[in-house]
Student: 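Just passing along the structure, written as structure tokens.
Along the sequence shown, the residues carry numbers beginning at 1. Computed over heavy atoms, backbone and side chain alike; hydrogens, waters and symmetry mates excluded.
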Amino acid sequence: MPQKPTTGDLTERTRLNLRGAASGDLGSILSDLAPDAVWEVAEHSLHVAGATAIREFLEKWRGQFEDWSFKVEDVTDLGNEMILVVYRQSGRAPGSAFAVEDRGVQVCEWRDGLIVGLRLYSDINEAQAAAERLAESRG
């Protein structure tokens, strides 16, 4: 198996990963996950540990919706391998006429060319403050 590059534009790699995931290719983002990566949504006390468990969670999440879409609004490099992503997603439960929409923020924590943490927030200011604290602690 080829080694993941440890350098490069993490902003662009993040964009490419999310573009692939938005088109239905969850493998695009999952291929950059460290085996012990963590996915967290603090507002919902959700904590998923490990790349395999994250894959299963995302597949189950995606499978709950028809007409699901995911669009990246902004990707910002905060330094020290911390990337902030503002996104919108929407979808409809099978058999339902009502769409669900969500605008959120994802903090991607990279280390040595792999994603070690994904943290989701609904408030951009909270996400940015948390990401900046984490980036500073790593610097």
Side-chain angles (χ1 to χ4, degrees):
M1 174 165 33
Q3 293 278 346
K4 289 284 176 193
T6 58
T7 60
D9 184 353
L10 296 180
T11 302
E12 186 58 25
R13 283 182 64 193
T14 301
R15 280 184 196 279
L16 290 171
N17 284 343
L18 293 172
R19 189 175 303 135
S23 69
D25 176 19
L26 291 179
S28 66
I29 193 167
L30 298 172
S31 67
D32 274 337
L33 285 179
D36 59 349
V38 174
W39 177 286
E40 295 179 337
V41 185
E43 294 169 358
H44 300 291
S45 300
L46 176 68
H47 179 93
V48 182
T52 302
I54 292 170
R55 171 186 288 278
E56 291 168 0
F57 171 78
L58 290 176
E59 288 172 346
K60 185 175 179 181
W61 171 260
R62 173 64 183 90
Q64 295 181 58
F65 298 99
E66 291 181 352
D67 302 328
W68 181 76
S69 70
F70 184 91
K71 293 186 178 20
V72 173
E73 291 184 358
D74 189 41
V75 179
T76 305
D77 187 341
L78 299 175
N80 292 327
E81 299 181 292
M82 298 297 296
I83 305 294
L84 187 78
V85 177
V86 179
Y87 66 87
R88 285 192 184 273
Q89 65 177 332
S90 65
R92 178 174 61 72
S96 173
F98 298 102
V100 176
E101 292 195 24
D102 172 50
R103 182 173 191 252
V105 186
Q106 177 174 295
V107 175
C108 298
E109 179 184 2
W110 291 79
R111 185 174 299 125
D112 298 326
L114 293 173
I115 299 169
V116 296
L118 294 162
R119 293 167 183 83
L120 278 62
Y121 300 84
S122 59
D123 181 276
I124 192 167
N125 295 323
E126 180 184 351
Q128 187 157 0
E132 288 173 351
R133 282 191 303 274
L134 188 54
E136 187 175 302
S137 74
R138 296 177 78 185

Student: Measuring from Leu46:CG to Leu120:CG, what's the distance to the nearest 0.5 Å?
Tutor: 8.5 Å
Student: Using a 3.5 Å distance criterion without hydrogens, assess whether the side chain of Ser96 forms a donor-acceptor pair with backbone atoms of Arg92.
Tutor: no
Student: Do any N or O atoms from the side chain of Arg13 and from the backbone of Gly113 form a donor-acceptor pair under 3.5 angstrom?
Tutor: yes
Student: Can you tell me how far CD of Glu43 sits from CZ of Arg119, rounded to the nearest 0.5 angstrom?
Tutor: 14.0 Å
Student: For the pair Arg55 and Glu59, evaluate salt bridge (charged side-chain N to carboxylate O under 4.0 Å, His left out) and give the outcome as yes or no after the intermediate values.
Tutor: CA-CA 6 Å; Arg55 171 186 288 278; Glu59 288 172 346; 3.5 Å; yes
Student: Output the distance between atom OG1 (Thr11) and atom CG (Asp9), rounded to the nearest 0.5 Å.
Tutor: 5.0 Å
Student: When you group the ILVMFWY residues by side-chain heavy-atom contacts below 4.5 Å and let the links chain together, are Trp61 and Val38 in the same group?
Tutor: no
Student: Please check if the number of heavy atoms outside Glu101 that lie under 6.0 Å from its CD is greater than 12.
Tutor: no
Student: Looking at every heavy atom in both Ala131 and Met82, which two are closest together, and how far apart are they?
Tutor: O-CE, 4.0 Å
Student: Are Phe70 and Ile115 linked, directly or through intermediate hydrophobic residues, by side-chain heavy-atom contacts shorter than 4.5 Å (ILVMFWY only)?
Tutor: yes
Student: Kindly indicate whether the side chain of Asp102, heavy atoms from C-beta on, has any atom under 4.5 Å from the side chain of Arg88.
Tutor: no
Student: Could you tell me which non-hydrogen atom of Trp110 sits nearest to which non-hydrogen atom of Asp32, and how far apart they are?
Tutor: CH2-OD2, 3.6 Å
Student: Are Leu58 and Leu18 linked, directly or through other ILVMFWY residues, by side chains that come within less than 4.5 angstrom of each other?
Tutor: yes
Student: Rounded to the nearest 0.5 Å, what's the gap from CG on Leu78 to OG1 on Thr76? Could you check?
Tutor: 6.5 Å
Student: Using a strict cut-off of less than 4.0 Å between a Lys/Arg side-chain nitrogen and an Asp/Glu carboxylate oxygen, indicate whether Glu81 and Arg111 qualify as a salt bridge.
Tutor: no
Student: When rounded to the nearest 0.5 angstrom, what is the spacing between CG in Asn17 and SG in Cys108?
Tutor: 8.0 Å
Student: Shortest non-hydrogen contact from Ala51 to Ala34?
Tutor: CB-O, 3.7 Å
Student: On a heavy-atom basis, which atom in Ala37 and which in Leu33 lie closest, and how many Å separate them?
Tutor: CB-CD2, 3.9 Å
Student: Compare all side-chain heavy atoms of Val100 with those of Gln89 and state whether any distance is below 4.5 angstrom.
Tutor: no
Student: For the residue pair Val107 and Ala127, what are the closest heavy atoms and their distance?
Tutor: CG2-O, 3.8 Å
Student: Return yes if a side-chain donor-acceptor contact under 3.5 Å exists between Ser69 and Asp67, otherwise no.
Tutor: no
Student: Examine Val105 and Val116 and state if one hydrophobic cluster contains both, with Ile, Leu, Val, Met, Phe, Trp and Tyr joined whenever side-chain heavy atoms are less than 4.5 Å apart.
Tutor: no
Student: Distance-only, no hydrogens or angles: does the Gln106 side chain make a donor-acceptor pair with backbone N or O of Tyr87 under 3.5 Å?
Tutor: no
Student: Where is the tightest heavy-atom contact between Ala130 and Tyr121, given as atom of each residue plus distance?
Tutor: CB-OH, 3.4 Å
Student: Is any side-chain heavy atom of Asp74 closer than 4.5 Å to one of Val85?
Tutor: no
Student: Do the rings of Phe57 and Trp39 sit parallel, tilted or perpendicular, given the 30° and 60° boundaries?
Tutor: tilted
Student: Just verifying a value: how many Å separate Ile83 CD1 and Leu10 CG, rounded to the nearest 0.5 Å?
Tutor: 5.0 Å
Student: Are Ile54 and Leu16 linked, directly or through intermediate hydrophobic residues, by side-chain heavy-atom contacts shorter than 4.5 Å (ILVMFWY only)?
Tutor: no
Student: Using side-chain contact (heavy atoms from CB on, under 4.5 Å), reason through Val75 and Leu84 one step at a time and then give a plain yes or no.
Tutor: CA-CA 6 Å; Val75 179; Leu84 187 78; over 6 Å; no
